[in-house]
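Note on naming: letters A, B, ... go to the chains in the order of the sequence lines (proteins, then strands), and numbering restarts at 1 for each one. Quick note: numbers below take in every heavy atom, side chains included, and nothing from hydrogens, waters or symmetry partners.
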Amino acid sequence: MALLFIDADMPELPEVEVTRLSFADRIASATISDIRVGKPLRWPLGIAPKTLIGRQVLGVRRRGKYLLMDLNKGLILWHLGMSGSLSFSADGLITNELPQAHDHFDLFTTQGLLRLNDPRRFGAVVYTDSEASVMAQKLLGRLGVEPLGDEFDLNNFHKNLKQRSTAIKNVLLAGDIVVGVGNIYASEALFLAGIRPTVRSNRISRARAEKLRSAIVSVLTRAVIKGGSTLRDFSNADGQTGYFQLEANVYDRAGQPCNKCSGLIKRIVQGQRATYFCARCQKP
DNA sequence: CACGGATCCTGATGGC
DNA sequence: TGCCATCAGGATCCGT
């Protein structure tokens with residue numbers, strides 16, 4: 001079987017979800033046969049690797065940008081950080097696929113090899129006995145609602161926005177109101193909503209909050225769909241790498257004309273992260 | 001508790 | 001070509 005490689009060189013929620021879709025079915029019900037640990041990641045695994053040999057993978061869920069791999073005992077949390085990507089190879093079951101320079105975690109199973117490549121090593125692979133454990137709660141406990149779930153409703157969203165006085169762009173990125181909106185999609189969603197990224201969160205009207213809510217849902221949904229279709233192309237094509245980023249309206253387009261009004265896209269820095277916006281289309 | 005800044009690490013890029 | 005500074009998709013931690 002061909003190697004399926006997802007270029008998650010931009011792991012925001014859509015990329016993490018598409019990564020999950022790429023291997024969840026194929027690894028389900030597999031038994032862990034070995035583990036190889038490379039250079040240290042953000043946190044230690046939290047258990048002696050050999051202890052996990054023989055455990056069964058029940059499935060893979062997503063929470064925010066975390067992947068939760070349920071085992072018949074305990075679970076493994078995966079995070080791609082800023083530069084991580086996962087590949088699942090059924091060939092890796094038999095052949096010795098030598099780890100490359102930035103392959104820092106291998107999970108060998110009876111159905112294939114799941115490998116984490118992460119040059120910057122901000123990613124993590126963490127074992128925990130239960131989702132209620134101290135470590136799991138430290139990582140997952142403060143996450144906001146899922147943007148693509150029913151719980152992302154206007155009443156709560158607007159109420160939460162009113163509690164914060166900092167710039168809306170930073171509030172979105174913080175992930176404690178709604179998860180999964182990274183630096184790219186924060187700029188894109190604010191453009192679609194017509195909201196200046198510098199607007200203070202607590203000064204956003206209910207009507208504008210609804211525009212923002214629906215823009216977030218729209219941009220993330222479209223990215224997942226686009227990623228899914230790219231995924232199907234991948235599984236037919238051998239060794240092709242690629243990118244499934246939606247065409248950006250503002251992200252990384254400083255100095256270029258706005259797609260709506262032809263005004264020039266601006267770049268500013270907020271919380272040490274780049275923000276892009278159209279000063280004409282996005283109102284203060 | 002909310003906020004802003006520093007921080008982990010490696011690689012790509014651009015100026016000189 | 002080399003050297004150096006800057007920047008990059010995340011999110012935690014810490015001081016205020």
Pairing pattern in dot-bracket form [Watson-Crick, G-U; both distances under 3.5 Å; | = partner strand] for DNA chain B
.|||||||.|||||||
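- Taking the side chain to side chain contact (heavy atoms under 4.5 Å, CB included) definition, one finds that A:His102 meets it with A:His104, A:Asn117, A:Pro119, sequence neighbours left out.
- At the phosphate of C:dG9, neither OP1 nor OP2 sits under 4.0 Å from any side-chain N or O atom of A:Lys65.
- Minimum heavy-atom separation, A:Ile265 to A:Asn249: CD1-O, 4.1 Å.
- Below 30°, between 30° and 60°, or above 60°: for A:Tyr276 and A:Tyr251 the angle between ring planes is above 60°, a perpendicular geometry.
- For B:dG11, neither phosphate oxygen OP1 nor OP2 lies less than 4.0 angstrom from any side-chain nitrogen or oxygen of A:Ser83.
- Under the rule for a side chain to side chain donor-acceptor pair (under 3.5 Å), A:Thr198 has no partner lying at least two apart in sequence or in another chain.
- Residues of residues 168-180 of chain A that place a heavy atom closer than 4.0 Å to DNA chain B do not occur.
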Could you check A:Ser187 against A:Thr275 for side chain to side chain donor-acceptor pair (under 3.5 Å), going step by step and ending with a plain yes or no?
CA-CA 6 Å; A:Ser187 283; A:Thr275 300; 5.0 Å; no
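- Residue pairs meeting the ring-ring contact (aromatic ring centres under 6.0 Å, His included) criterion with at least one member in residues 195-219 of chain A, sequence neighbours excluded, do not occur.
- Nucleic acid contact for A:Arg164: sugar-phosphate only, since backbone atoms but no base atoms lie under 4.0 Å from a heavy atom of the residue.
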List the atom pairs, with distances to 0.1 Å, where a side-chain N or O of residues 38-51 of chain A and a protein N or O form a donor-acceptor pair under 3.5 Å, not counting sequence neighbours.
from    : atom 1 : to      : atom 2 : distance (Å)
A:Lys50 : NZ     : A:Asp34 : OD1    : 3.2
A:Thr51 : OG1    : A:Ala48 : O      : 2.8

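- Comparing the P positions of B:dG11 and C:dT12 gives a spacing of 25 Å, expressed to the nearest Å.
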Could you go over nucleotides 4-6 of chain C and give all protein N or O partners under 3.5 Å, atom names and distances?
none

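- Nucleotides B:dC3 and C:dG9 have their C1' atoms positioned 23 Å apart, rounded to a whole Å.
- A:Met135 and A:Val125 end up in different hydrophobic clusters when Ile, Leu, Val, Met, Phe, Trp and Tyr side chains are linked at under 4.5 Å.
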Apply ring-ring contact (aromatic ring centres under 6.0 Å, His included) to A:Phe157 and A:Phe152, showing your working.
CA-CA 7 Å; A:Phe157 185 48; A:Phe152 187 36; 5.0 Å; yes
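- B:dT7 atom C1' lies 13 Å from atom CH2 of A:Trp43, rounded to whole Å.
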Can you list, pair by pair, the side-chain donor-acceptor contacts under 3.5 Å of residues 176-183 of chain A, counting residues two or more places apart and other chains?
from     : atom 1 : to       : atom 2 : distance (Å)
A:Asp176 : OD1    : A:Arg164 : NH1    : 3.3
A:Asp176 : OD2    : A:Arg164 : NH1    : 3.3
A:Asn183 : OD1    : A:Lys169 : NZ     : 2.9
A:Asn183 : ND2    : A:Ala274 : O      : 3.1

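- Between C:dA11 and B:dA12, the distance separating the two C1' atoms is 23 Å to the nearest Å.
- Here A:Glu146 pairs with A:Arg62 in a salt bridge; the nearest charged N to carboxylate O distance falls below 4.0 Å.
- Following rounding to the nearest Å, A:Gln272 (CD) and B:dC3 (P) show an atom-to-atom distance of 16 Å.
- Between the CD atom of A:Gln270 and the P atom of B:dA6 there is a distance of 17 Å, given to the nearest Å.
- Rounded to whole Å, the distance from CG on A:Asp118 to P on C:dA8 is 18 Å.
- Considering only side-chain N and O atoms, A:Tyr251 lies under 4.0 angstrom from the phosphate OP1 or OP2 of C:dG9.
- A salt bridge is absent between A:Arg222 and A:Glu188; no separation between the charged side-chain nitrogens and carboxylate oxygens falls under 4.0 Å.
- Annotation: C:dC7 and B:dG5 have their P atoms spaced 15 Å apart (nearest Å).
- Considering only residues two or more places apart in sequence or on other chains, A:Asp106 meets the side chain to side chain donor-acceptor pair (under 3.5 Å) condition with A:Arg36, A:Arg115.
- Atoms CG (A:Leu77) and C1' (C:dT12) sit 15 Å apart, rounded to a whole Å.
- The shortest distance between the side-chain N/O atoms of A:His79 and the OP1/OP2 oxygens of C:dG10 is not below 4.0 Å.
- Look at CG on A:Asp252: it is 17 Å from P on B:dA12, rounded to the nearest Å.
- Remark: P of C:dG9 and CZ of A:Arg267 are 9 Å apart, rounded to the nearest angstrom.
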Using a cut-off of under 3.5 Å, enumerate the N/O to N/O pairs linking the protein to nucleotides 8-10 of chain B.
from   : atom 1 : to       : atom 2 : distance (Å)
B:dC9  : O3'    : A:Arg121 : NH2    : 2.8
B:dC9  : O2     : A:Arg120 : NE     : 3.1
B:dT10 : OP1    : A:Arg121 : NH2    : 2.9
B:dT10 : O4'    : A:Pro119 : O      : 3.4

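- Among the heavy atoms of the strands, none lies under 4.0 Å from A:Gln163.
- Within the structure, no pair that satisfies the ring-ring contact (aromatic ring centres under 6.0 Å, His included) test touches residues 128-151 of chain A, not counting sequence neighbours.
- Side-chain contacts under 4.5 Å among hydrophobic residues (ILVMFWY), followed directly or transitively, place A:Ile53 with no other residue at all.
- Counting any heavy atom pair closer than 4.0 Å across all strands shown, A:Gly271 reaches no nucleic acid atom.
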